[in-house]
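Heavy-atom basis, side chains included; hydrogens, waters and symmetry copies ignored. Chain identifiers are assigned alphabetically (A, B, ...) following the order of the sequence lines, protein sequences preceding nucleic acid strands; residue numbering begins at 1 within each chain.
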Amino acid sequence: MLDLKYVRENPELVKAGVENKNEKNTVDEILKIDSERREILHEVEELKAKRNKVSQEIAQKKKAGEDAEDIIKEMREVSDKVKELDETVRRLSDELNELLIWIPNLPNSSVPVGKSADENIETTKWHPKDFSFENEFKPLDHVELGKKHNILDFERGAKISGSGFPVYVGKGATLERALINFMLDYHLQHHGYTEVFPPFLVNRASMMGTGQIPKLEEDMYYMEKDDLFTIPTAEVPITNLFRNEILNEEELPKNFVGYSACFRREAGSYGKESKGFLRVHQFNKVEMVKLVKPENSYVELESLVEDAEDILRALEIPYRILLLCTGDLSFSAAKCYDIETWSPAENKYLEASSCSNFENFQARRANIRYRRSEDKKVEFVHTLNGSGLATSRLMVSILENNQTSDGKIKVPEVLRKYTGFEIIG
RNA sequence: GGAAAGGUGGCAGAGUGGUUGAAUGCGGCGGUCUCGAAAACCGUUGUUCCACAUUGUGGAACCGGGGGUUCGAAUCCCCCCCUUUCCGCCA
């Protein structure tokens, strides 16, 4: 949520940001309703001031035993008018809010302007060794490998739940669990995060707080009976831990890491890239979340990306990093880096992590603030989060990049103490 | 699912329908005392919005949320939400 005052004072900047993000520009409409609302607000507040003053006079007259019937009668009319105007103000506020929650966060000035993913900028590329399979053998893709070694079962997953609900079996299940534990331990031991194991169902206010609602409501699984949503990422419960709270400056930064299953309906995206792990309704993810002081958020963003990179380097998974352009930036983000891991079978990169700075956009929606020790003023924190990382995409890269010419799969060195085996096949 | 209690400021905790933004305590800040600190004592201490002004003045709103009664509601009435405890059921 943007600050209405900011919109009022910088309409042109807001319009430009919204349009660069390919979102609907309702700024003029917002300004019109805002000025109308303020006009009526002023009127009703004057009436209320009068009423408050006269009410005290009535109290005094009654105490003195005097008759106050005439001014009571007058105030009765004032109150009726107040009720009427209050109703108008409430209606205009609702209209205003309805428009405002659809305004995306504005891109940071360091974000390149661009229409689509084609205009993202590659900032890093890391390939530990040359995976030139062409010269040796044709790599199998992760679905074929999963089937061959009986470690992934997409068909039975489709039977018991539906397509896009993968089942991990045998060493596949162990490898998945190893990956999650490895990543959590790594962030705890090397990066100083605090572990959180959050609920997987959250209420509507939490979804609104981090900005999934209203724009992405159709992408969420929803439990109508209880008005609860399955989380699409641990970002939602973890960021919302401090909703409606005022933190002390000394508590910041708060750095959390947590595992969760993630659920996404992926409505309307059937057909393309839906093979195997490429697009699923449920996957596992280790997520990093930071609540920081505003002046530090961009330094924290870089360090968040490095924390995710460290995992890929330890696993020896080839990857690249993209700085997203304005047109590819998500609704709530001000700046975002995507980390993509290499799939030799698909011959392309797959998104395994998104590291974003939301500045105070989520904090404003979720009302997460902190008190500055110097002047005791409260202000919104900045929130960030990044996948560290999503196992489904990592699994593709691990299986495909570590296959050997004799059809086996080597388990990455750092995972072996978690799996208890070195090879699959 | 049944029953009961309760939701008030950063926290704890009062509150007869009329100077209650709200007692008191803790915490925080400033000061006195002290070589310094602690203790003690004194003072101070919220958020949001609006208008004018520019770092202040005035006004409005806020005691879980939403309605209602009233000239006036933290206080009375209705609905909803949440928390806690007990009972039942259950992984």
Pair assignment for RNA chain B - dot-bracket with | for other-strand partners, Watson-Crick or G-U under 3.5 Å: ((((((((.[[[..)..(.....]]]((((((.......))))))(((((((...))))))).[[[[[..)....]]]]])))))))....
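Salt-bridge formation is detected for the pair A:Glu95/A:Arg91: a Lys NZ or Arg NE/NH1/NH2 atom is positioned less than 4.0 Å from an Asp or Glu carboxylate oxygen. Of the charged side-chain nitrogens involved, at least one lies within less than 4.0 Å of a carboxylate oxygen, so that A:Glu217 and A:Arg204 count as a salt-bridged pair.
Contacts of A:Lys5 with the nucleic acid, taken as non-hydrogen atoms under 4.0 Å apart, involve only primed sugar atoms and P, OP1 or OP2. Using a 4.0 Å heavy-atom cutoff across all strands shown, A:Arg372 reaches no nucleic acid atom at all. Within 4.0 Å of A:Lys73, counting heavy atoms only, lies no atom of the nucleic acid at all. The residue A:Ile58 sits close to a base: some heavy atom pair falls under 4.0 Å.
Both A:Gln56 and A:Val44 lie close to RNA chain B; mapped to their nearest nucleotides by heavy-atom distance, the more 5′-ward contact belongs to A:Gln56. Checking A:Val378 against A:Ala49, the closest nucleotide of RNA chain B that is more toward the 5' end is the one next to A:Val378.
To the nearest whole angstrom, the two P atoms, one in B:U54 and one in B:G17, are 46 Å apart. Comparing the P positions of B:G65 and B:C81 gives a spacing of 15 Å, expressed to the nearest Å. On the P atoms, B:G66 is 22 Å away from B:A12, given to the nearest whole Å. Comparing the same atom, C1', in B:C50 and in B:U45 gives a spacing of 24 Å after rounding to whole Å. Taking atom P on both B:G72 and B:A14, the two are 30 Å apart, rounded to the nearest angstrom. Distance check on atom C1': B:G46 versus B:C29 gives 14 Å, rounded to whole Å. Comparing the C1' positions of B:U24 and B:G13 gives an interatomic distance of 8 Å, to the nearest angstrom. Here the separation of B:A37 from B:U44, taken at their P atoms, is 23 Å to the nearest Å.
We find that CD1 of A:Ile246 is positioned 14 Å from C1' of B:G28, with the value rounded to whole Å. When rounded to the nearest whole Å, the span between CZ of A:Arg91 and C1' of B:G67 equals 19 Å. Atom-to-atom, NZ of A:Lys62 to P of B:U16 comes out at 21 Å; the value is rounded to the nearest Å.
Checking each of A:Asn255, A:Leu241, A:Ile238, A:Thr383 against A:Leu291 for a side-chain contact (heavy atoms from CB on, under 4.5 Å) leaves exactly one that passes, namely A:Thr383. If you run ring pair (Phe, Tyr, Trp, His ring centres under 6.0 Å) between A:Phe277 and each of A:Phe283, A:Phe165, A:Phe154, only A:Phe154 comes through.
Here OG1 of A:Thr123 is found 9.0 Å from CD1 of A:Ile339. Values are rounded to the nearest 0.5 Å. Rounding to the nearest 0.5 Å gives a distance of 9.5 Å between NZ of A:Lys73 and CG of A:Asp70.
In terms of phosphate contacts, A:Lys83 brings a side-chain nitrogen or oxygen within less than 4.0 Å of OP1 or OP2 of B:U69. At least one side-chain nitrogen or oxygen of A:Arg38 sits closer than 4.0 Å to the OP1 or OP2 atom of B:A51. At least one side-chain nitrogen or oxygen of A:Asn52 sits closer than 4.0 Å to the OP1 or OP2 atom of B:A61. Within the structure, every side-chain polar atom (N or O) of A:Ser79 is placed at least 4.0 Å from both OP1 and OP2 of B:U70. Regarding contacts with the backbone of B:U45, every side-chain N or O of A:Arg371 stays at 4.0 angstrom or more from both OP1 and OP2. At least one side-chain nitrogen or oxygen of A:Arg76 sits closer than 4.0 Å to the OP1 or OP2 atom of B:C71.
Remark: A:Lys410 NZ is loosely packed, at most 12 non-hydrogen atoms of other residues, nucleotides or ligands lying under 6.0 Å away.
Applying the 3.5 Å distance criterion, the base of B:G59 shares a donor-acceptor pair with the side chain of A:Glu45.
Side-chain contact, A:Tyr259 with A:Glu195: no donor N or O sits under 3.5 Å from an acceptor N or O.
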